[in-house]
**Q** 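Have a look at this one before I ask anything.
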Amino acid sequence: MYIKNTAAPDKNLLEEIEGVIQGHRDGHGFVVRDDGEADIYLPPNEMRAVLHKDRVKARVVRHDRRGRPEGRVVEIVERPPSPIIGRLLHESGVWLVAPEDKRYGQDVLIPKGLTGTAKPGQVVVVELTEPPSLYGQPVGRVKEVLGEIDDPGMEIEIAVRKYGVPHVFSDACIAQARSLPDKVRPQDKKRRVDLTDVPLVTIDGEDARDFDDAVYCEPAKVGRGKGWRLLVAIADVSHYVETGSAIDIDAYERATSVYFPRRVIPMLPEKLSNGLCSLNPDVDRLCMVCDMLVTSTGEIQAYQFYPAVMHSHARFTYTEVAAILANTRGPEAQRRRDRVQDLMHLHDVYGALLKARQTRGAVDFETTETQIVCDESGRIERIVPRVRNDAHRLIEEAMLAANVCSADFIQLGKHPGLYRVHEGPTPEKKEILRNYLKALAVGLSISDEPHPAEFQRIAAATKDRPDAQQIHTMLLRSMQQAIYTPINSGHFGLAYEAYTHFTSPIRRYPDLLVHRVIKAILSRERYALPALPTPGEAQEKLARRLAARVAAPGQKPRKAAAPPSREVQAWEAAGLHCSANERRADEASRDVEAWLKCKYMREHLGEEYSGVVTAATSFGIFVTLDAMYVEGLVHITELGGEYFKFDEARQELRGERTGIRYAIGTRVRVQVSRVDLDGRKIDFRLVHDNEDLASRAMRDKGVTSSGGKSRDKAAGKRAAKSAAEPGEQARSPIQALKAAVKKAAGKSSGKSRKSRR
């Protein structure tokens, strides 16, 4: 008998959800939803007709045993025009391009005659002519030939195209830059304060090429007490880059300079960035000055802004200034004896500003930044930590002071502009941090409306604990990323009620906008933003993420009671654009660094190093090597033959049988087992005490010393299976290490014996 089903279908399963495809190198993918809800898993068969970055509408068809949604694509809304970069291959008479970004998941067929001048094995840029389908691969044509994969700088050429970083100035921009003068002219100095007799100096890194800030300090009476007059002079880029000009359009599109090892893609043409706007020594330059009076307690009692002309009296490096401050009678000080007293005054005002920073409770975590040192061919010679000394901190505090005054000046002028906003932790991150601090018995926690001083108090209270690095890392990860916006809600990390960026207009577009606003207020005028280009992909992505963050449960609503005006909306669009392109620049830089590190570590396969756990996840631990500052993954299958469970509260993996724990800060010894250059991934395996290479190789094959199979191998497989997420494929030790161990055993055993001798 047929019985009609009258039950109403689940509305959630009928709903069409819009989002962006995020492919995975293993063939499956996800729909990253616009509404910020959990990503929708797409099995490999659903990925055949779509590509990474496609905008689609999808429908949830089922949920797995953990409640995670799995879906089906019902419509392709938009296919971005971004090109695909990859290597041209010729197999069995067929031309195809294997994408460098493995998230695309499919090779692109190239019809005969559309390969251009490219040769097999070369890196090319492909433009799609036919999209993929359920029964056919995508088809394209070679648009540009980048060269051989091992050519110096190829990783940068790939990254700028992969992330859509503008790297070629328009003809109009170049023509306008050529028309600019080579030096400051007499007419440029009109209506400016003459500071050429003030001994302003620049302090930058050894490899700096553009100098956009100069400083000077002298003792001064502030109120009834002693203090200092601090001058921060910033290159006046806005004098040469007019709103809506060809240079301005290109600068806005880039929004920031992008820094790679051995190469910079500047925001402005070189004639400006390294010449006319760079505060080079012994030449006149136009500048905007923040002139401040600072009390002995580090409070800025008064300030003023004005356009000026300056003459840099010296170009210092951080290393040189640190040496002079450490020994005012040393050889460095003798070479710069005329400027030593000025540097001492700068150091004195820095001490006062630092006290004020501590008083207001600004967060100050010491983190290790690294620098990649390359040879002439672009190959990594070594990776070294960037050591921050008092000279770095001195300039940082001076720039912070100028930025705070800029934000205050814009607020008092009641003029719209861009603030650098850093909001407090989200409710989810607060809860994770509370649970973590409780699990580690720290004894301190954060309130429902935390103040940065609470974070600093926890950091100070735990600085002598053996797990201090672990705790400080978690404090840092609970923070949100800062953005540019005209709606000021303060800077949480720095503990400022208002903060903006004023000090780097050569390399950051928001700073250039801030300069224009300050000039407009000084002239009692109104600055109007130019017509903005169509929002790019990065901007749309950030906008969706921010919208989801604002709408999160428990999130405090924005203070604006009424819809923003068209003027404020324009500033919001500019802030969003600059924030998104800042992220894009960071991603491109990290991609290049990861590629270089992978290429570097390929030469060290099989070698052993000590390191520290920097992150724990459900699928393994990430370890950073002490000697090389390179991070790699120890997969959960490499932790030993037992079941490991991820403890989210403690952020650690714990073995159920032995109780062994791997948490942030745990010291381990690892062997470099696998390097995936295309995926930018490095795999390590744990090295246990008193285990030689031969027994390691046997253990990797699942053979015990008695010739029998390891009893714990199945337990390791169960642990991997239970921990693997849809985006993380469990990989057995044999699959991951088979080739590497053989190579390591042959290549490294001699080295090990030699080192023992």
Side-chain angles (χ1 to χ4, degrees), residues 297-300 350-369 388 393 396-397 399-401 403-404 407-408 411 419-483 485 487-501 546 549-550 552-559 614-616 647-652 663-665:
T297 58
E299 297 298 322
I300 301 171
Y350 154 67
L353 291 170
L354 186 62
K355 287 180 184 176
R357 180 192 187 108
Q358 293 166 348
T359 300
R360 71 176 185 271
V363 179
D364 188 15
F365 300 136
E366 286 292 339
T367 56
T368 303
E369 294 184 8
R388 290 179 76 245
R393 299 183 183 95
E396 180 183 328
E397 287 298 331
M399 298 305 113
L400 289 177
N403 287 337
V404 170
D408 186 67
Q411 272 195 319
Y419 298 95
R420 182 67 167 175
V421 168
H422 181 225
E423 296 181 344
T426 62
E428 294 80 8
K429 288 189 174 184
K430 281 190 284 190
E431 191 61 27
I432 291 172
L433 181 60
R434 283 197 194 102
N435 292 337
Y436 175 77
L437 295 172
K438 183 178 179 181
L440 265 63
V442 171
L444 293 170
S445 189
I446 58 172
S447 61
D448 291 336
E449 296 294 332
H451 189 273
E454 297 176 34
F455 284 76
Q456 192 61 30
R457 190 157 49 246
I458 294 169
T462 58
K463 63 184 175 68
D464 295 326
R465 286 177 50 143
D467 55 358
Q469 183 180 354
Q470 173 183 353
I471 295 169
H472 294 184
T473 300
M474 283 299 297
L475 290 171
L476 192 60
R477 286 178 182 170
S478 69
M479 306 274 185
Q480 296 188 55
Q481 284 186 302
I483 60 170
T485 173
I487 301 171
N488 176 45
S489 53
H491 195 292
F492 181 83
L494 294 173
Y496 288 130
E497 292 183 2
Y499 184 73
T500 191
H501 278 167
L546 290 177
R549 190 177 77 186
V550 170
Q555 190 83 7
K556 287 185 68 177
R558 287 192 174 190
K559 296 178 181 178
T614 48
D647 186 334
E648 186 177 12
R650 292 178 175 270
Q651 291 289 300
E652 69 180 17
I664 301 170

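Computed over heavy atoms, backbone and side chain alike; hydrogens, waters and symmetry mates excluded.
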**Q** Give a yes or no answer on whether the side chain of Glu454 reaches the backbone of His451 with a donor-acceptor pair at less than 3.5 Å.
**A**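 Yes: the side chain of Glu454 pairs with the backbone of His451.
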**Q** Does any part of the side chain of Arg434, heavy atoms only, come nearer than 4.5 Å to the side chain of Asp448, both counted from C-beta?
**A**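 In short, these two side chains touch, coming nearer than 4.5 Å.
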**Q** Between atom CD of Glu396 and atom CG of Leu353, what is the distance when rounded to the nearest 0.5 Å?
**A**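 One gets 11.0 Å once the value is rounded to the nearest 0.5 Å.
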**Q** Does the His422 side chain pair with the main chain of Gln480, one donor and one acceptor, at a distance under 3.5 Å?
**A**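 Checked: pair present.
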**Q** Quick check for you: to the nearest 0.5 Å, what is the distance between Ile446 atom CD1 and Leu437 atom CG?
**A**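 Spacing of CD1 (Ile446) from CG (Leu437) equals 7.5 Å.
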**Q** Under 4.5 Å between any side-chain heavy atoms of Thr473 and Thr614, yes or no?
**A**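 Contact flag for Thr473/Thr614 side chains = no.
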**Q** Within a strict 4.5 Å, meaning less than it, do heavy atoms of the Arg357 and Leu400 side chains meet?
**A**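 With C-beta onward as the side chain, the pair touches.
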**Q** What's the separation between atom CZ in Arg420 and atom OG1 in Thr485, rounded to the nearest 0.5 Å?
**A**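 Between Arg420 CZ and Thr485 OG1, I get 11.5 Å after rounding to 0.5 Å.
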**Q** Which is it for Leu354 and Arg393 under the side-chain contact (heavy atoms from CB on, under 4.5 Å) test, yes or no, and what are the steps along the way?
**A** CA-CA 9 Å; Leu354 186 62; Arg393 299 183 183 95; over 6 Å; no
**Q** Measure from the side-chain N and O atoms of Arg360 to the backbone N and O of Leu494, and report whether any donor-acceptor pair falls under 3.5 Å.
**A**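 It does hold such a pair.
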**Q** With side chains defined as the heavy atoms from C-beta onward, is the minimum distance between Glu423 and Phe492 less than 4.5 Å?
**A**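 The answer is no; the side chains never approach within 4.5 Å.
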**Q** For residues 470-481, pull every pair meeting salt bridge (Lys or Arg N to Asp or Glu O under 4.0 Å), keeping only residues two or more places apart or in separate chains.
**A**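 Counting only pairs at least two positions apart or across chains, no salt bridge (Lys or Arg N to Asp or Glu O under 4.0 Å) contact touches residues 470-481.
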**Q** If I compare all heavy atoms of Ala362 with all of Gln456, which pair ends up nearest, and what's the gap?
**A**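 Reported closest heavy-atom pair: O-OE1, 3.2 Å.
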**Q** Supply the atom-to-atom distance Leu475 CG to Ile458 CD1, rounded to the nearest 0.5 angstrom.
**A**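 CD1 of Ile458 is found 5.5 Å from CG of Leu475.
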**Q** Heavy-atom distance under 4.5 Å between the side chains of Glu648 and Asn435, does that happen here?
**A**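 No - every pair of side-chain heavy atoms lies 4.5 Å or more apart.
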**Q** Take Leu440 and Arg465, measure what side-chain contact (heavy atoms from CB on, under 4.5 Å) needs, and give me the verdict at the end.
**A** CA-CA 11 Å; Leu440 265 63; Arg465 286 177 50 143; 4.1 Å; yes
**Q** Taking the side chain as everything from C-beta on, heavy atoms only, tell me whether Lys355 gets closer than 4.5 Å to Thr297.
**A**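 Result no, sub-4.5 Å side-chain heavy-atom pair not found.
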**Q** Can any side-chain N or O of Thr426 pair as donor or acceptor with the backbone N or O of Lys429 at less than 3.5 Å?
**A**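 Checking the backbone N and O of Lys429 against the side chain of Thr426, a donor-acceptor pair under 3.5 Å is found.
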**Q** Is any side-chain heavy atom of Tyr436 closer than 4.5 Å to one of Ile471?
**A**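 Answer yes - side chains close enough.
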**Q** The criterion is side-chain contact (heavy atoms from CB on, under 4.5 Å); which residues satisfy it with Val404, sequence neighbours excluded?
**A**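 For Val404, the residues satisfying side-chain contact (heavy atoms from CB on, under 4.5 Å) (neighbours in sequence not counted) are Tyr496, Tyr499.
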**Q** Taking all non-hydrogen atoms of both residues, which atom of Leu433 and which atom of Ser478 are closest, and how far apart?
**A**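 Answer, listing the atom of Leu433 first, then Ser478: CD2-OG, 3.7 Å.
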**Q** Apply the test side-chain contact (heavy atoms from CB on, under 4.5 Å) to residues Val442 and Thr462: give CA-CA distance (whole Å), side-chain angles for both, the deciding distance (0.1 Å), then the verdict.
**A** CA-CA 8 Å; Val442 171; Thr462 58; 3.8 Å; yes
**Q** Taking only residues two or more places apart in sequence, or in another chain, which ones meet Asp647 in a side-chain contact (heavy atoms from CB on, under 4.5 Å)?
**A**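 Per chain and number, Asp647 pairs via side-chain contact (heavy atoms from CB on, under 4.5 Å) with Ala649, Arg650, Glu652, Arg654.
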**Q** If every non-hydrogen atom of Gly493 is compared with every non-hydrogen atom of Pro452, which pair is closest and at what distance?
**A**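 In this case the closest contact between Gly493 and Pro452 is O-CB, 4.4 Å.
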**Q** Atom CG of Asp408 and atom CG of Asn403: how far apart are they, to the nearest 0.5 Å?
**A**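 The distance works out to 12.5 Å.
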